[in-house]
Amino acid sequence: MTGWQFLRYMARLSGISARDVRTRADAMLDRLGLTAAADRPLGEYSRGMLQRIALCQALIHEPDFLFLDEPASGLDPNGVLLVRDLIAEQKARGATVLLNSHQLAEVEKVCDRVLFLHRGVVAQAETLRAADRRVVAIRLLLGTYDPANVRRITGSDAEDGVVKVSTASDADIAAVVGALVRSGASVVEVRPQTADLEAIFRGVA
Amino acid sequence: MNAVVIGETMRRHLTRGGYIVYLILVALTGIFASTFNKPAAMWPSLVALLAIITGSSLIGPEFSSATLQLIVSKPIHRWTYLLSRVAGVFASVALAAIIGMSAEIGMRWLGGRAPLVWQPSVSTALNALVVAFLAVSLLALLGSVTRSYFNVAIYIGAQAALSAAEAILGVLRMRGPVGEVLQAHPWIERSIIATNDALFPSASAELGRALVLRVLVMATIALTLACLAFERREVPYGAD
C-alpha cells in the first residue's frame with residue numbers, strides 16, 4: 001500500500017467524500033512534505049516519514065479533538081518544528097489538542113495547560129499561559145546596597161547586584177522590595193520568575 | 001457493513017500479483033475440468049483453498065502492524081470493520097468461483113468435447129462459496145483472538161487433527177480393548193465426524209439445503225464470537 005492509498009483509505013474512513021479526498025490528501029501530503037514519496041509503498045518509509053503520514057491521516061478531516069501521542073517522535077529538527085506549527089494551527093482553528101509527551105521543552109512551547117501523571121493519577125496540574133503562570137521567585141537587580149542587610153532580608157547573598165528570592169505571593173514580593181528600599185538599597189529591577197516544567201516535574205517526581 | 005473497507009479489501013487483492021496468478025490458475029483449472037464428463041472438478045477445491053489463504057490475513061496480521069490502531073481511531077464500529085473485511089475477502093473468493101465456473105461452462109459450450117451440464121457446475125460453485133464463507137468466518141474468529149498468522153495455523157491444525165482422529169478411530173474400532181470401548185460408545189466417533197463435517201465441509205459436493213443451513217448457523221456463531229472478541233480486544237500500540 002502506498003502512502004497515497006493509505007491516506008485515501010484513512011480519509012474515506014474518516015468520512016471525507018470520494019470527491020474531496022484528492023484535494024485534501026494532496027494538500028496534507030504537501031503540508032507534511034510527503035508529496036514526492038506519496039507513490040512509494042509504506043514499507044519503504046523511514047520512521048520519520050511514517051510519523052508524518054500518521055499525522056496526515058489524523059489531520060485530514062480537521063477533527064474537533066486531537067489526541068497526539070508523542071507526535072514528534074522520530075522526526076528530524078525540521079519535522080519537530082513542523083509538528084509545533086501544525087499544533088498551533090489546530091489550536092488556531094479551534095480544535096482541542098491533547099498532547100501526550102515526555103519532551104517537557106516541546107510541551108512548554110505548545111501547550112496551554114499541562115497535567116503530570118504519576119502512576120495513572122494526576123499528580124500536578126499547571127497552566128502555561130503567560131498571564132496565568134505561577135510566580136515562584138523574583139530576581140532583583142540592586143544598584144547600591146548593604147550586603148549584610150540584603151542577606152538579612154532575603155536570606156541570600158547578592159552576586160554582582162543580583163539576588164534571587166523564592167516567594168509565594170505578590171504580598172511577599174512587595175514586603176521584600178519594601179524592606180530593601182527601607183534598608184537604603186536601590187532596587188533597579190524586579191523580574192518575576194515562573195516555574196518551568198522541568199522544575200515542576202522535579203517537584204512531582 | 002462499510003463500503004470503503006470492502007472496496008479497499010478487494011482492491012488489495014486485485015492489485016496483488018499472487019492473487020491474479022491464482023485467478024488465472026483457477027481459470028485454467030476450469031478450462032481443464034471442461035474436458036471431464038464429471039462437472040465442476042478440481043477448481044472448487046482451489047476456491048476453498050483461496051478462502052483459507054485470503055482469510056488468513058483477514059484480521060490477525062493487522063494486530064501485528066501499526067495500521068489497526070489507526071483504523072480503530074476512525075468513526076467506524078469495530079464489528080462493522082470486521083464484518084466488512086469478511087465481506088471483502090469473501091467477494092474476492094467469490095470472484096475466483098465465478099471465474100472457475102465461467103471458464104468450465106464456457107469451454108464446454110465452445111469446445112463441445114464434453115456435455116454442457118451447467119446446473120451441477122453452478123450448484124458445485126455455490127457449494128464451494130458456502131464452504132468458503134464458513135472458512136472465512138472461522139478464520140475471522142481465530143484471527144480476532146490470535147496474532148499474525150496463528151489463525152491459519154490453528155485452522156489447518158484443527159482440520160488435520162480431526163481428519164487424523166477420524167481415520168485413527170476408524171482403525172482402532174476394529175481391534176483390541178480400545179475397539180470395544182469405541183463400539184460400546186459410538187457417539188465418540190460420531191461426534192468427531194460431525195464436528196469435522198460441521199467445521200470443514202467438502203468443497204466439491206453439490207449444494208444441499210442441509211449444508212447451507214448448517215454452514216449459515218456455524219458461520220453466524222463464528223462471526224458473532226469474532227465480533228465480540230474483536231470489540232473487547234486491546235489493540236497493541238505500534239508494530240511488532
Side-chain angles (χ1 to χ4, degrees), chain A residues 1-22 24-25 28 32 39-74 95-102, chain B residues 1-20 53-54 56-89 91-92 148-149 227 230-231 234-240:
Chain A
M1 185 185 274
T2 65
W4 156 249
Q5 287 166 343
F6 170 76
L7 195 54
R8 183 186 59 190
Y9 183 37
M10 290 293 149
R12 296 284 287 122
L13 281 180
S14 301
I16 295 175
S17 69
R19 196 175 44 192
D20 294 340
V21 162
R22 166 67 71 177
R24 291 216 199 183
M28 282 311 302
L32 272 292
D39 292 326
R40 280 167 52 191
L42 287 177
E44 294 179 7
Y45 276 33
S46 67
R47 185 171 152 75
M49 290 164 80
L50 288 172
Q51 193 75 352
R52 283 171 190 248
I53 196 101
L55 277 168
C56 278
Q57 65 83 32
L59 301 174
I60 194 166
H61 59 298
E62 297 187 341
D64 294 331
F65 182 83
L66 263 167
F67 190 114
L68 300 177
D69 189 6
E70 299 283 6
S73 167
T96 302
V97 183
L98 200 156
L99 173 67
N100 178 35
S101 178
H102 294 98
Chain B
M1 293 288 180
N2 184 294
V4 174
V5 177
I6 296 172
E8 173 61 23
T9 305
M10 289 198 70
R11 188 199 63 76
R12 281 187 211 172
H13 286 111
L14 290 168
T15 54
R16 196 168 289 165
Y19 178 77
I20 301 297
I53 294 168
T54 52
S56 67
S57 59
L58 199 148
I59 198 75
E62 292 203 347
F63 280 103
S64 305
S65 71
T67 317
L68 195 55
Q69 64 175 343
L70 299 177
I71 288 169
V72 297
S73 73
K74 300 299 173 196
I76 175 174
H77 287 295
R78 286 190 183 197
W79 61 266
T80 307
Y81 177 71
L82 182 64
L83 294 182
S84 303
R85 289 277 293 156
V86 169
V89 166
S92 305
S148 193
Y149 288 96
C227 288
F230 189 48
E231 283 282 341
E234 186 181 347
V235 176
Y237 182 79
D240 278 349

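Throughout, a chain's letter reflects where its sequence line sits, starting with A, and its residues are numbered from 1.
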Quick one: CG on B/Leu70 to CG on A/Leu13, what's the gap to the nearest 0.5 Å? 10.5 Å

With chain B as the partner chain, list the residues of residues 4-12 of chain A whose heavy atoms fall under 4.5 Å from it, by residue number, and write 'none' if nothing qualifies. A/Gln5, A/Phe6, A/Arg8, A/Tyr9, A/Met10, A/Arg12

Under the ring-ring contact (aromatic ring centres under 6.0 Å, His included) test, which residues partner A/Tyr45, sequence neighbours left out? none

Just to be sure I understand the criterion: a residue of residues 52-63 of chain A counts if one of its heavy atoms is under 4.5 Å from a heavy atom of chain B. Which ones qualify? A/Gln57, A/His61

Search all heavy atoms of B/Pro75 against all heavy atoms of A/Ser14 and return the closest pair with its distance. CD-CA, 4.0 Å

Residues 80-89 of chain B vs salt bridge (charged side-chain N to carboxylate O under 4.0 Å, His left out), sequence neighbours excluded, gives B/Glu62-B/Arg85

